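Counting begins at 1 with the first residue of the sequence. Just so it is clear, the structure is predicted and the values come from calculations on it, not from any experiment.
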Amino acid sequence: TNAACRTGAFPAEQSNFALARVIGAPRLYLLGDADGCPANGEPACRQRSYVVPGDTVITGRDLGSHRCAFFPNNAGGSAGWVASTRLQPQPLPAPTLQAWAGHWRDGDDQLVIDVRGGQLYVEGDAYWPSANPTPEVRPYGPNMGQVEALAVPTGDTVVFQDTTCTLRAQLLGDYLIVADNSECGGMNVRFNGVYRRTPPR
């Protein structure tokens with residue numbers, strides 16, 4: 001549904017990604033998307049997560065007077081609806097080819113992007129439920145997915161096409177927002193996520 005705005009599904013269910021800074025006062029709670037929310041407003045729709053003025057969020061689509069926002073934090077991040085009036089868009093110039101290059105991580109999933117000629121080369125691994133699940137959870141180890149592809153970006157977006165696997169990625173500053181076509185590996189394995197640049201290990 002259009003009202004979906006939740007943490008795990010944010011990269012796949014949202015679009016029109018952009019960066020925005022939270023403005024105004026006071027703290028701004030991320031509102032849920034179930035049971036008539038966000039239309040019912042606070043406090044009915046309030047989730048535990050909130051942002052404060054000056055925070056940077058990744059924004060998605062609008063729903064009435066609200067916009068879906070994802071706040072990246074050390075635990076990964078949280079998504080929810082916020083009043084559009086509290087968001088100040090932060091436009092970015094189109095990234096250079098070199099801006100894409102690096103090691104990108106979201107939890108255990110990683111993508112390594114290099115520039116080759118005028119193209120971007122990606123190599124990546126994704127895991128479900130994690131890279132090292134406990135034997136109780138997955139006695140035979142995780143389901144795995146891989147991608148390896150070359151592509152030319154258009155503006156801040158690139159589509160990597162492996163044999164069956166398609167990754168669509170958008171670069172917003174230090175964030176790489178990735179959604180796949182569910183054909184990238186073992187059961188439940190998805191590359192979907194908000195990736196961050198990390199130093200190579």
Side-chain angles (χ1 to χ4, degrees), residues 7-21 55-61 68-79 89-133 141-201:
T7 305
F10 180 79
E13 290 190 344
Q14 288 293 317
S15 56
N16 306 337
F17 297 112
L19 292 185
R21 184 172 287 132
D55 282 342
T56 296
V57 294
I58 298 165
T59 59
R61 286 197 298 269
C68 186
F70 180 90
F71 178 56
N73 57 31
N74 291 338
S78 307
Q90 302 287 305
L92 292 167
T96 62
L97 262 185
Q98 202 55 48
W100 294 84
H103 287 67
W104 298 89
R105 290 188 80 85
D106 176 37
D108 289 334
D109 301 342
Q110 65 171 342
L111 296 168
V112 180
I113 299 178
D114 293 311
V115 177
R116 297 206 177 161
Q119 301 188 84
L120 298 175
Y121 169 74
V122 69
E123 242 184 322
D125 301 285
Y127 303 89
W128 182 87
S130 65
N132 299 293
N143 292 348
M144 296 171 67
Q146 282 165 326
V147 65
E148 187 179 349
L150 273 168
V152 178
T154 307
D156 64 1
T157 305
V158 67
V159 178
F160 291 112
Q161 178 78 51
D162 202 342
T163 322
T164 58
C165 170
T166 304
L167 291 193
R168 183 185 166 84
Q170 186 175 344
L171 181 61
L172 291 174
D174 292 324
Y175 303 106
L176 188 67
I177 299 151
V178 177
D180 70 20
N181 63 344
S182 308
E183 300 285 328
C184 296
M187 181 121 157
N188 294 330
V189 174
R190 302 297 297 270
F191 278 96
N192 297 350
V194 176
Y195 289 71
R196 300 198 225 185
R197 205 187 289 279
T198 62
R201 300 221 277 224

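- Considering only heavy atoms from C-beta on, Asp109 comes within 4.5 Å of Tyr195 through its side chain.
- In this structure the side chain of Leu120 never reaches within 4.5 angstrom of the side chain of Asp114, judged on heavy atoms.
- Under the 4.5 Å side-chain criterion, counting only non-hydrogen atoms from C-beta, Val158 is not in contact with Val122.
- A donor-acceptor pair is defined here as one N or O able to donate and one able to accept, closer than 3.5 Å; such a pair exists between the side chain of Thr96 and the backbone of Ala99.
- Two residues are said to be in side-chain contact when any heavy atoms from C-beta on lie closer than 4.5 Å; Asp108 and Ser130 meet this criterion.
- Applying the salt bridge (charged side-chain N to carboxylate O under 4.0 Å, His left out) criterion to Asp106, with sequence neighbours excluded, gives no partner residue.
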Listed pairs under 3.5 Å, donor-acceptor, residues 162-175 side chains, sequence neighbours left out:
unit_1: Asp162; atom_1: OD2; unit_2: Glu148; atom_2: N; d: 3.0
unit_1: Thr164; atom_1: OG1; unit_2: Glu183; atom_2: O; d: 2.9
unit_1: Thr166; atom_1: OG1; unit_2: Gln161; atom_2: OE1; d: 2.9
unit_1: Thr166; atom_1: OG1; unit_2: Gln161; atom_2: NE2; d: 3.1
unit_1: Thr166; atom_1: OG1; unit_2: Asn181; atom_2: ND2; d: 3.4
unit_1: Gln170; atom_1: NE2; unit_2: Phe17; atom_2: O; d: 3.0
unit_1: Gln170; atom_1: NE2; unit_2: Asp156; atom_2: OD2; d: 3.2

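- The number of heavy atoms from other shown groups lying within 6.0 Å of CZ (Arg196) is above 12.
- In plain terms, the two heavy atoms of Ala94 and Gly155 that are nearest each other are CB-CA, 4.4 Å.
- Arg190 places no side-chain N or O within donor-acceptor distance of the main-chain N or O of Ala126, the cut-off being under 3.5 Å.
- The nearest pair of heavy atoms linking Asn73 to Ser78 is ND2-OG, 3.9 Å.
- Heavy atoms only, all atoms of each residue included: Ala131 and Pro142 are closest at O-CG, 3.4 Å.
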- Is there a side chain to side chain contact (heavy atoms under 4.5 Å, CB included) between Val189 and Met144 once you walk through the steps? CA-CA 6 Å; Val189 174; Met144 296 171 67; 5.6 Å; no
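- Smallest separation of non-hydrogen atoms from Gly77 and Phe70: CA-CZ, 3.6 Å.
- Arg116 has its side chain within reach of Leu150: a pair of non-hydrogen atoms, C-beta onward, lies under 4.5 Å apart.
- For the pair Phe10 and Ile58, the minimum side-chain heavy-atom distance is below 4.5 Å.
- Between the CG atom in Asp125 and the CZ atom in Arg105 there is a gap of 9.5 Å [rounded to 0.5 Å].
- The side-chain heavy atoms of Pro11 and Ile177, taken from C-beta on, include a pair separated by under 4.5 Å.
- To the nearest 0.5 Å, atoms CZ (Phe191) and CG (Leu111) are separated by 6.0 Å.
- Nearest heavy-atom pair, Thr56 versus Leu19, reported as atom, atom and distance to 0.1 Å: CG2-CD2, 4.2 Å.
- Under the 4.5 Å side-chain criterion, counting only non-hydrogen atoms from C-beta, Tyr127 is not in contact with Asn132.
- Shortest non-hydrogen contact noted between His103 and Val112 is CD2-CG2, 3.6 Å.
- Glu123 pairs by the side-chain hydrogen bond (donor to acceptor under 3.5 Å, both in side chains) definition with nothing, not counting sequence neighbours.
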